[in-house]
Amino acid sequence: MSGRRALTAVVLLALTACTTGPSLENRGQVTASPGDSRHLTIGSAGFTESDLLAQMYALLLNQAGYKTAMLTVANRELYEPALESGQIDIVPEYAATFADWLNAKAHGADAPPAGSPDLGTTMRALRKLAAPRGLTVLDPGRAVDQNAFAVSRSYARQHGLKTLSDLGASGLKVRLAAGDECVRRPYCAPGLRKTYGIDVTGIDPKGVGTTQAKQAVRSGRDQMVLTTTTDATLDAFGLVLLADDKRLQNADYVVPVVNRARAGGTRVTAVLGRLNDVLTTADLASLNRQVDSWRRLPSDVARTYLKDKGLLK
């Protein structure tokens, strides 16, 4: 086992042994005042975008006088309890996905979804679920990483497609490259049929945004691929996103989530809020591309971006 893997194993064991925030009898009420610890641990979920966001959070907080450490835990089942307990103080999350996850944790896997395409509704539900766990959800910014659908640039040009509504109105038959779950998920094949009238003839089970799925669309084997709005490799495959003009997808805006007792004060909110003012979905896609395609380090990409935007000296 390498040293890095051994360290990860130790971290995971420590996190599974930690306490998990407010006691059950206190759930449903906020039990901690907003705190402002000068030493903060920033969590990352271990994929490129999460690493980039965590690095930007740390750089901004360092500049504001905080001491920060980074901790990567690629499993929400582990890092969310660590966030409640204060072993992790701040983590970048996605509003609708995190709302649904906390809702399932509180009310069971069969509970009605808490996330929705409406950002305001989603944020109210998320904050209601997070507060009893000692968590504060900061304001979302402009960046959103949600499910999206792409076609080849030549296909879009040939048929005059810019939106999913355009595709539905065209009457074209569409074979969709996606994951197996697309057959039943409301945001995927059923939603495309119901909301947009798209004639989805079948699912090619190549996964969400995988290289194989994109190659299948580029070659013409499939006509559309399920990916995300911050996919960094679409240009390389000659693909373009079709706009979700009827808002089928949930509002997965990037939101910092903090441990209220350690990082819920106004200073952390103000520091991270500066990033909200400038970071866009297109920016995130560009930053992902620099790491995934150009093989640059997330820390270097994050620092350069913040300097270019005037957020870092």
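Only heavy atoms go into these numbers, but all of them, side chains included; no hydrogens, no water, no symmetry mates.
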So, taking the atom named NZ in K309 and the one named CZ in R274, what distance separates them when rounded to the nearest 0.5 Å?
13.5 Å

In short, H39 meets D89 closest at the heavy-atom pair O-OD2, 3.8 Å

For the residue pair T233 and D231, confirm or rule out a side-chain donor-acceptor distance under 3.5 Å.
yes

Between T280 and A143, is there a donor-acceptor pair closer than 3.5 Å when you use the side chain of the first and the backbone of the second?
no

Pair T230, E49: side-chain N/O donor-acceptor within cut-off below 3.5 Å
yes

Closest non-hydrogen atom pair between Y253 and R142, with its separation:
CE2-O, 4.1 Å

Evaluate the salt bridge (Lys or Arg N to Asp or Glu O under 4.0 Å) criterion for residues K105 and E84: first the C-alpha distance (whole Å), next the side-chain angles of each, then the deciding distance (0.1 Å), finally the verdict.
CA-CA 13 Å; K105 185 174 181 179; E84 289 187 29; 3.5 Å; yes

Indicate yes or no for a side-chain donor-acceptor contact from Q249 to the backbone of Y187 under 3.5 Å, with no hydrogens or angles considered.
yes

Please check if any side-chain donor atom of Y66 sits under 3.5 Å from a side-chain acceptor atom of D36, or the reverse.
yes

Nearest heavy-atom contact between C182 and L176 is SG-CD2, 3.5 Å

On a heavy-atom basis, which atom in R221 and which in R175 lie closest, and how many Å separate them?
NH2-NH2, 3.2 Å

Expected output: side-chain D100 to main-chain G115 donor-acceptor under 3.5 Å:
yes

Find the distance between CG (D51) and CG (L287) and round it off to the nearest 0.5 Å.
12.5 Å

Can you confirm whether the side chains of Y305 and D283 place a donor and an acceptor under 3.5 Å from each other?
yes

